[in-house]
2 protein chains.
Amino acid sequence: MRQIPRATVARLARYLQGVEELAKRTVSSAEIASAVGVSAAQVRRDLSYLGHQGIRGVGYETEHLLTALRRELGLVENVGVAIVGAGNLGQALAGYGGFEERGFSVTAIYDIDAAKIGTSIHGHPVRHVDSLPADSEAFAIAIIATPAEAAGEVLHRLSACGVRSVLNFAPAVLKGPPNVEVRNVDLSTELQILSFYRSRNGS
Amino acid sequence: MRQIPRATVARLARYLQGVEELAKRTVSSAEIASAVGVSAAQVRRDLSYLGHQGIRGVGYETEHLLTALRRELGLVENVGVAIVGAGNLGQALAGYGGFEERGFSVTAIYDIDAAKIGTSIHGHPVRHVDSLPADSEAFAIAIIATPAEAAGEVLHRLSACGVRSVLNFAPAVLKGPPNVEVRNVDLSTELQILSFYRSRNGS
DNA sequence: CTCTGTGAAACACTTCACAGCG
DNA sequence: CGCTGTGAAGTGTTTCACAGAG
């Protein structure tokens with residue numbers, strides 16, 4: 001029963017946030033379900049992958065559940081995040097406070113523009129992309145926020161210096177080697193998907 | 001055979017971009033597949049939802065296929081997009097050139113900060129959130145880039161003035177009424193998912 | 001008596017493999 | 001002969017429904 005379904009992993013992160021917000025001493029699957037917008041059966045099934053965490057007739061003890069979720073998601077220690085690309089999007093991400101609150105630290109921003117290197121953006125140092133290998137111990141996850149043309153090359157470099165988890169915002173579909181998990185978040189693609197549903201959700 | 005699976009819709013948008021980039025006169029399912037990183041059988045199955053578009057023994061006639069994809073995705077006309085929230089992220093989105101290229105136009109940015117209203121960001125006017133209903137004819141899709149606290153309220157307003165498609169970047173899981181399609185893109189959630197896989201992808 | 005945990009059924013999506021068109 | 005389009009099989013995910021713990 002090990003091997004958690006991918007679909008479940010994506011929801012565990014939501015549950016973590018949902019349960020944190022509920023801020024009760026115990027929570028039931030139904031409460032979590034309505035907080036994150038899925039079915040109660042789904043919540044129970046998902047949480048069952050973490051082993052027996054609940055108390056029958058009562059629900060889940062909040063602190064215990066949060067610990068289990070954080071452990072499963074690898075969030076026990078603070079996680080370092082590198083941002084590659086100091087353009088508009090990279091800067092916005094660097095200034096986004098939400099990361100720190102959730103246990104992630106932006107360790108540095110990488111670019112190739114000599115004018116930017118050595119400066120600091122929202123308190124984070126800007127370094128040359130060439131120093132990624134030297135810095136690679138500092139972070140576990142990288143965010144690609146470069147133009148599409150550069151994205152493939154950046155992924156290659158990241159993968160070469162041992163990064164296993166990449167979040168790609170460049171408008172290109174990246175696919176790393178099998179041991180590298182890449183999540184592509186393309187804004188245009190998202191809008192196109194929405195556009196599809198707009199036409200059918202009857203006016 | 002109508003009713004295209006959600007998973008397929010998400011890929012159609014990728015195919016559109018992949019085929020555009022290939023820029024050939026005809027493309028085979030195998031070519032599309034390798035451009036976007038899925039299996040050839042998957043591409044053929046997905047495209048078959050659009051009806052018979054290919055030519056056996058040859059592949060798909062590029063122009064014809066692009067037209068069919070754009071029609072299916074509701075991208076025949078230019079699509080208006082409103083951005084709500086003129087903070088860091090909202091500004092970055094406003095400056096992101098990729099939208100215009102793909103048939104989307106940012107019509108305006110909405111905020112409640114009096115100091116920002118009336119100014120313009122990357123050429124897009126900043127208006128008060130209260131003017132959303134009056135402007136609602138201008139856009140079909142809205143992007144929420146506000147703090148988490150405001151997001152629910154904003155969704156409510158958008159839905160009240162007839163918006164059916166919403167892309168939410170605020171760190172909150174929004175769920176609109178059934179006739180409103182909401183896509184939640186939460187950066188922290190994405191990082192948490194990556195964090196999960198980091199621990200398992202054998203070092 | 002409530003709410004979890006889970007077999008079993010249902011459903012959704014993907015892959016296989018090949019008939020048959022051009 | 002190459003490549004599409006698709007039944008059929010396979011796999012993954014969700015829902016149902018209920019036994020049983022607290």
Side-chain angles (χ1 to χ4, degrees), chain A residues 1-15 18-19 22 24-66 68-69 72 175 178 181 193 196-197, chain B residues 1-15 18-19 22 24-66 68-69 72 175 178 193 196-197 200:
Chain A
M1 192 247 266
R2 282 288 73 184
Q3 180 68 310
I4 303 183
R6 294 180 79 86
T8 293
V9 174
R11 280 187 302 265
L12 291 180
R14 308 267 193 200
Y15 297 162
V19 173
L22 283 171
K24 302 184 62 198
R25 240 177 55 71
T26 65
V27 285
S28 67
S29 57
E31 288 172 312
I32 301 174
S34 86
V36 309
V38 302
S39 77
Q42 181 86 80
V43 172
R44 293 200 300 279
R45 171 75 66 191
D46 287 341
L47 293 182
S48 79
Y49 288 108
L50 310 186
H52 294 212
Q53 303 292 340
I55 307 161
R56 288 166 190 245
V58 179
Y60 300 85
E61 203 265 294
T62 303
E63 278 314 315
H64 180 73
L65 181 57
L66 289 176
L69 284 169
E72 200 64 38
K175 220 176 83 120
E181 175 80 11
I193 295 168
F196 173 90
Y197 286 109
Chain B
M1 192 248 267
R2 281 287 75 185
Q3 180 69 310
I4 303 183
R6 294 179 81 85
T8 292
V9 174
R11 280 188 302 267
L12 291 180
R14 308 267 193 201
Y15 298 161
V19 173
L22 283 171
K24 303 184 62 197
R25 240 177 55 73
T26 65
V27 285
S28 67
S29 59
E31 288 171 311
I32 301 173
S34 85
V36 309
V38 302
S39 75
Q42 180 84 80
V43 172
R44 291 200 300 279
R45 172 75 65 189
D46 286 341
L47 293 182
S48 78
Y49 287 108
L50 310 185
H52 294 213
Q53 302 293 340
I55 307 161
R56 289 169 191 243
V58 179
Y60 300 86
E61 203 265 293
T62 303
E63 278 314 315
H64 180 74
L65 181 57
L66 289 176
L69 284 169
E72 200 63 40
K175 221 176 82 118
I193 295 169
F196 173 89
Y197 286 109
R200 9 232 97 190

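Chain A is the first sequence line, chain B the second, and so forth, proteins listed ahead of strands; every chain is numbered from 1. What you see is a predicted model, and the numbers here were worked out from it, not measured in a lab.
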Quiz item: Between B/S28 and B/G59, is there a donor-acceptor pair closer than 3.5 Å when you use the side chain of the first and the backbone of the second?
Solution: no
Exercise. Answer yes or no: is there a side-chain heavy-atom contact under 4.5 Å between B/V19 and B/Y60?
Key: no
Practice problem: Would you indicate, yes or no, if C/dC21 has its OP1 or OP2 atom less than 4.0 angstrom from a side-chain nitrogen or oxygen of B/H52? | Solution: no
Self-check item: Length of the CD-P vector between A/Q3 and D/dT11, whole Å
Solution: 14 Å
Practice problem: Quickly work out the B/E31 CD to D/dT4 C1' distance and round it to whole Å. | Solution: 14 Å
Practice problem: Could you grab the distance from atom CG of B/L12 to atom CG of B/L47, nearest 0.5 Å is fine? | Solution: 7.0 Å
Quiz item: Is the phosphate of C/dG5, meaning OP1 or OP2, less than 4.0 Å from a side-chain N or O of A/Y60?
Solution: yes
Exercise. Check each of A/L66, A/T8, A/L65, A/V36 against A/Y15 using the side chain to side chain contact (heavy atoms under 4.5 Å, CB included) test, and report the only one that passes.
Key: A/V36
Cut-off 3.5 Å, no hydrogens considered: what does the side-chain donor-acceptor table look like for residues 37-45 of chain A, sequence neighbours left out?
| residue | atom | partner | partner atom | Å |
| --- | --- | --- | --- | --- |
| A/S39 | OG | A/Q42 | N | 3.1 |
| A/R44 | NH1 | A/S29 | OG | 3.3 |

Quiz item: Do the side chains of A/R6 and B/Y197 get nearer than 4.5 Å, heavy atoms only?
Solution: yes
Quiz prompt | B/S29 vs D/dT4: side-chain N/O to OP1/OP2 distance below 4.0 Å | solution = yes
Quiz item: When the distance from CG of A/L65 to P of C/dC3 is rounded to whole Å, what number comes out?
Solution: 16 Å
Practice problem: Taking only the side-chain nitrogens and oxygens of B/S28, find out if one of them lies under 4.0 Å from OP1 or OP2 of D/dC3. | Solution: no
Quiz item: For every nucleotide of nucleotides 12-22 of chain D, 5' to 3': is a protein heavy atom under 4.0 Å from its base (B), only from its sugar-phosphate (S), or from neither (-)?
Solution: -SSB-B-BBBS
